[in-house]
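Down below is the structure, laid out as structure tokens.
Both counts, for ligands and for their atoms, begin at 1 and track the order of listing. What you see below is based on every heavy atom in this structure, not just the backbone, and it leaves out hydrogens, waters and symmetry mates.
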Amino acid sequence: MSRLITRRRLITGLGYTTIAGAFGGLAVSSDFRDLVLKGGETLAYNTHRLVGRDALVREYSEAEMSPDFRTNGNTSGSTDEWKAAQASGFADWKLKVSGLVAQPGQFGLEALKSMPSRTQITRHDCVEGWSAIGKWTGVPLSALLDRVRPNPNAKYVVFRCADRFGLSLYYESIDMVDAYHPQTILAYGMNDQDLPVGHGAPIRLRVERQLGYKNAKYIMEIELVESLAGIGGGKGGFWEDRGYEWYAGI
Ligand SMILES: Nc1nc2c(c(=O)[nH]1)N[C@H]1C(S)=C(S)[C@@H](COP(=O)(O)O)O[C@H]1N2
Ligand SMILES: [Mo]
């Protein structure tokens with residue numbers, strides 16, 4: 001088991017830090033890049049499931065929190081629906097939950113806040129090479145799923161967001177193992193405040209065993225599906241459809 005972990009660390013480090021950095025300045029064949037990144041993807045995925053479906057990532061102390069947690073990607077929602085909700089302080093915003101569930105529903109912020117909550121101080125790692133430690137408060141996704149009761153054939157949770165790149169709204173997906181992981185939360189708070197607009201208000205995903213781009217901001221709808229084939233370009237996320245790996249394990 002320890003050899004597995006060591007290899008995982010090695011390859012993860014190579015895949016996301018050294019190699020990613022080297023790509024900035026070097027022309028490396030895309031076949032080689034795919035080999036390294038896909039190798040890391042498979043290994044991290046298998047390790048997270050073999051070593052422990054519920055293995056927790058490290059949590060930090062208040063003293064270790066980053067004084068500045070930068071924003072990245074879009075820093076605001078852009079749909080009319082999101083803008084109208086923001087204008088009302090998200091008082092009339094509702095998260096829709098649909099797809100392969102026994103009890104589809106809509107949940108306002110107060111409803112989400114009345115469910116069990118979890119606060120965690122974790123490190124966010126962006127594929128572009130920066131990290132920051134922040135405190136997140138939200139409802140465990142497992143608690144919300146318990147309310148809507150996924151059908152046995154539900155295999156992925158898809159997140160649909162309110163911000164666009166070009167014509168496409170941002171979207172992401174995770175599997176049921178990460179969906180029920182204890183540190184996977186829909187965060188409505190950051191660093192003891194309401195989640196700021198730049199960081200994804202009113203709610204964003206924290207899926208702590210994966211890289212930054214999996215942590216969808218500006219979530220409007222959650223859909224449970226059996227296959228990712230019908231979502232966007234079929235690879236399970238906005239960046240995945242543009243070449244990033246779907247399982248972005250850290
Ligand atoms: N909806 C949405 N979610 C998103 C993004 C985005 O542009 N739109 N960017 C991703 C990327 S690449 C990162 S690193 C983090 C940035 O989160 P932050 O703005 O809170 O730092 O959000 C991720 N989730
Ligand atoms: Mo990122």
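Scanning the protein for heavy atoms near atom 19 (O) of ligand 1, the closest one is K217 NZ, 2.6 Å.
Set against the non-hydrogen atoms of G198, the atoms of ligand 1 under 4.0 Å away are 19 (O). For ligand 1, the atoms lying closer than 4.0 Å to a non-hydrogen atom of C161 are 1 (N). For ligand 1, the atoms sitting less than 4.0 Å from at least one non-hydrogen atom of D163 are 1 (N), 2 (C), 6 (C), 7 (O), 8 (N), numbered in the order shown with element in parentheses. Of all atoms in ligand 1, listed by their number and element, those nearer than 4.0 Å to a heavy atom of C126 are 14 (S). Every atom of ligand 1 with a heavy atom of F165 under 4.0 Å away is listed here by number and element: 7 (O). Less than 4.0 angstrom separates some heavy atom of G73 from each of these atoms of ligand 1: 7 (O).
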task: Check step by step if side chain to side chain contact (heavy atoms under 4.5 Å, CB included) holds for Y180 and I174.
output: CA-CA 10 Å; Y180 284 102; I174 58 177; over 6 Å; no
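For K135 and E64, the salt-bridge test fails: no basic side-chain N is under 4.0 Å from an acidic carboxylate O.
Checked by atom type, the side-chain pair Y213/N72 shows no donor-acceptor distance below 3.5 Å. For the residue pair S98 and E223, no side-chain donor N or O sits within less than 3.5 Å of a side-chain acceptor on the partner.
When N72, V127, L169, T71 are ranked by how near their heavy atoms come to atom 16 (C) of ligand 1, first place goes to N72.
On a distance-only criterion, R204 and ligand 1 share at least one N/O pair closer than 3.5 Å. Backbone and side-chain nitrogen or oxygen atoms of Y213 are examined, and none is located within less than 3.5 angstrom of a nitrogen or oxygen of ligand 1. In terms of N/O distances under 3.5 Å, ligand 1 is not approached by W130. Checked against a 3.5 angstrom limit, the closest N/O atoms of N215 and ligand 1 fall inside it. Between H199 and ligand 1, an N or O atom pair is found at a separation short of 3.5 Å.
Using 4.0 Å as the threshold, F238 has no heavy atom nearer than that to any atom of ligand 1. Taking 4.0 Å as the cut-off, H124 counts as a neighbour of ligand 1 on heavy-atom distance.
Note: Y188 and W136 fail the aromatic proximity criterion, with ring centroids not under 6.0 Å apart.
Across all non-hydrogen atoms, the minimal contact from T119 to E59 is O-OE1, 4.3 Å.
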